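Working notes, structure below.
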Amino acid sequence: MDCKITKTKEGAAPATIRLSDRLNGLEESVTLAITAKARALKAEGKDIIGFGAGEPDFDTPENIKNAGIKAIKDGLTKYTAVGGINELKDAIIGKFKRDNNLTYSRDEVIVSCGGKHSIYNLFQSILNKGDEVIIPAPFWVSYPVMVSLAGGTPRIVHTTEAAGFKMSVDEFRANINSNTKAVIINSPSNPTGAAYTAAELEKLAEIALANNILIITDEIYEKLTYDGFKSSSIASVSDDVKRISVVLNGVSKTYSMTGWRIGYAAGPKEIIKAMTSIQSQSTSNPTSISQWAAVEAISGPQDILDPMIVEFEKRRSVMVDALNAIEGVSCRKPQGAFYVFANISKVLGRRFNEKTIKGSADLANYLIDEAGIAVVPGEPFGDDSFIRLSYATSMNNIVNGIRRIGEAIKELK
Ligand SMILES: *Cc1c(COP(=O)(O)O)cnc(C)c1O
């Protein structure tokens, strides 16, 4: 990839700077393209309803904000230890004990600038050229890119809607070879909302153990589960499984703190030490103020989450029922997170004004142009027969937005 830059020295010719080979194959995000289009149309005054949100629409709870303000007033605004302040590490250790029955020490925990940053540091710490990472699809868009950026090779395992978007033991086993370094489990999942039961996790863990594969478990949506479903951590299957697991979590989704940028990882000392070294030479510590707010989020009252979860559960039901009432569209009721992954395969091949809707991106573009509705195409998540809709938006938007999607799909012949 080349990019033209102009030298600042007067009279000098523009030079061409060759960008790094690392960028090869790094595609521009379809998701961002749709989001940009929605923003532009909104700015023109168009009535746009967005189902693209990847974050809760609730405000950060008051007690957490106040802890951040107090940190500023108390002058806690300087560099901290690279891997996080002890107070936050202790809060995280307490959370793992309380919620997952997992015991960690401070040197087995790192705090990063968001969960995404922890995952990035992890891949940078464990992958060498040729190492494969098993990623069940549909997947969070960043996993394969981060694996590739670290020099590894993503090995995508397609799961089906019929199987609840969950990787079976046989599928897992069939994709293991001598290069397999790690597997990623994201439960509850973005984009499908699917969550593994404790029994399913136990079976997957057995195979990882038998093949000496590192388990990377992204539990960022752990608290956002419905119908009484309780999320469990695969690392808590046994001490042996814990020894080959890195648990990723953070405050972004649970406490509506996406902008504060605090995530964390817990796992074997050697891996956490390597991640801390990489962090020490790149970002250094996560924001000091946010760390103090996160202490309050994680160790403060947890019942502040109840109203948010109740509201998400209500919206989920309304959205799922309304989508299933549209001819050509169907979706499962997800166990967790705040997304619905809707099957649009029956709509593909239909036409509007001579134009055929060939894939999920075509449908997303059609919906934004003709109905003023922004959805995220399933293609970048690894399945082109689906679209992702977030219910982190008002009930009013859900009711009106899905009605408009239904009307628009009716127009397709
Ligand atoms: C949002 C998200 C994350 C991390 O978000 P941060 O804001 O970086 O903490 C990690 N994994 C998944 C699947 C997510 O959706």
Side-chain angles (χ1 to χ4, degrees), residues 29 31-32 35 51-58 60 64 84 88 92 95 109-124 133 135-147 149 154 156 159 165-167 182-196 215-225 231 233-234 246-267 275 279 282-283 285-287 290-291 293-294 297-298 308 312 334-341 376 378 380-383 388-392:
S29 154
T31 314
L32 290 183
T35 315
F51 292 120
E55 58 183 352
D57 54 322
F58 305 104
T60 303
I64 300 173
L88 180 50
I92 291 165
K95 174 252 170 295
V109 172
I110 180 173
V111 184
S112 308
C113 312
K116 187 181 256 179
H117 185 217
S118 276
I119 304 173
Y120 183 86
N121 287 339
L122 173 60
F123 287 137
Q124 293 290 328
V133 178
I135 306 176
F139 46 75
W140 187 44
V141 290
S142 295
Y143 297 143
V145 184
M146 291 198 286
V147 167
L149 279 175
I156 308 298
T159 69
F165 297 116
K166 291 190 261 191
M167 180 172 68
V183 60
I184 301 180
I185 303 293
N186 174 213
S187 174
S189 148
N190 175 5
T192 65
Y196 290 84
I215 300 171
I216 300 170
T217 168
D218 182 347
E219 303 176 4
I220 199 106
Y221 294 103
E222 173 191 31
K223 298 285 182 189
L224 305 179
T225 56
S231 185
S233 177
I234 189 168
V246 177
V247 185
L248 299 152
N249 209 322
V251 297
S252 283
K253 309 295 162 59
T254 310
Y255 304 97
S256 287
M257 291 177 71
T258 46
W260 296 75
R261 309 311 302 133
I262 296 290
Y264 53 87
M275 291 168 69
Q279 190 159 303
S282 46
T283 59
N285 64 273
T287 308
S290 297
Q291 290 190 61
I298 294 169
M308 182 169 90
F312 273 146
Q335 288 101 326
F338 39 71
Y339 311 102
V340 161
F341 209 48
V376 183
F381 298 98
D383 203 323
R388 190 193 76 173
L389 296 94
S390 158
Y391 47 91

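We're numbering straight along the sequence, starting at 1. In each ligand, atom 1 is the first atom listed, and ligand 1 is the first ligand listed. Being a predicted model, the structure only gives us computed values, none of them experimental.
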Margin query: For the OG atom of S189 and the CZ atom of F139, what is their distance to the nearest 0.5 Å?
Written below: 11.0 Å
Check: Can you find a side-chain donor-acceptor pair between D218 and Y143 that sits under 3.5 Å?
Finding: yes
Hey, what polar pairs (N/O, under 3.5 Å) does ligand 1 make with protein?
{"unit_1": "ligand 1", "atom_1": "7 (O)", "unit_2": "S252", "atom_2": "OG", "d": "2.7"}
{"unit_1": "ligand 1", "atom_1": "7 (O)", "unit_2": "R261", "atom_2": "NH1", "d": "2.7"}
{"unit_1": "ligand 1", "atom_1": "8 (O)", "unit_2": "G115", "atom_2": "N", "d": "3.1"}
{"unit_1": "ligand 1", "atom_1": "8 (O)", "unit_2": "K116", "atom_2": "N", "d": "3.0"}
{"unit_1": "ligand 1", "atom_1": "8 (O)", "unit_2": "R261", "atom_2": "NH2", "d": "2.8"}
{"unit_1": "ligand 1", "atom_1": "9 (O)", "unit_2": "G115", "atom_2": "N", "d": "2.6"}
{"unit_1": "ligand 1", "atom_1": "9 (O)", "unit_2": "S252", "atom_2": "OG", "d": "3.3"}
{"unit_1": "ligand 1", "atom_1": "11 (N)", "unit_2": "D218", "atom_2": "OD2", "d": "2.6"}
{"unit_1": "ligand 1", "atom_1": "15 (O)", "unit_2": "N190", "atom_2": "ND2", "d": "2.9"}
{"unit_1": "ligand 1", "atom_1": "15 (O)", "unit_2": "Y221", "atom_2": "OH", "d": "2.7"}
{"unit_1": "ligand 1", "atom_1": "15 (O)", "unit_2": "K253", "atom_2": "NZ", "d": "3.0"}

Next item on the list: Check the pair Q279, S112 against side-chain hydrogen bond (donor to acceptor under 3.5 Å, both in side chains), reporting the backbone distance first and the verdict last.
Entry: CA-CA 8 Å; Q279 190 159 303; S112 308; 3.0 Å; yes
Check: Are side-chain N/O atoms of T254 and E222 paired as donor and acceptor at under 3.5 Å?
Finding: no
Check: Partners of S390 by side-chain contact (heavy atoms from CB on, under 4.5 Å), sequence neighbours excluded?
Finding: A53, F338, Y339, A392
Next item on the list: Measure the shortest side-chain to side-chain distance between V133 and P154 over non-hydrogen atoms and say whether it is less than 4.5 angstrom.
Entry: no
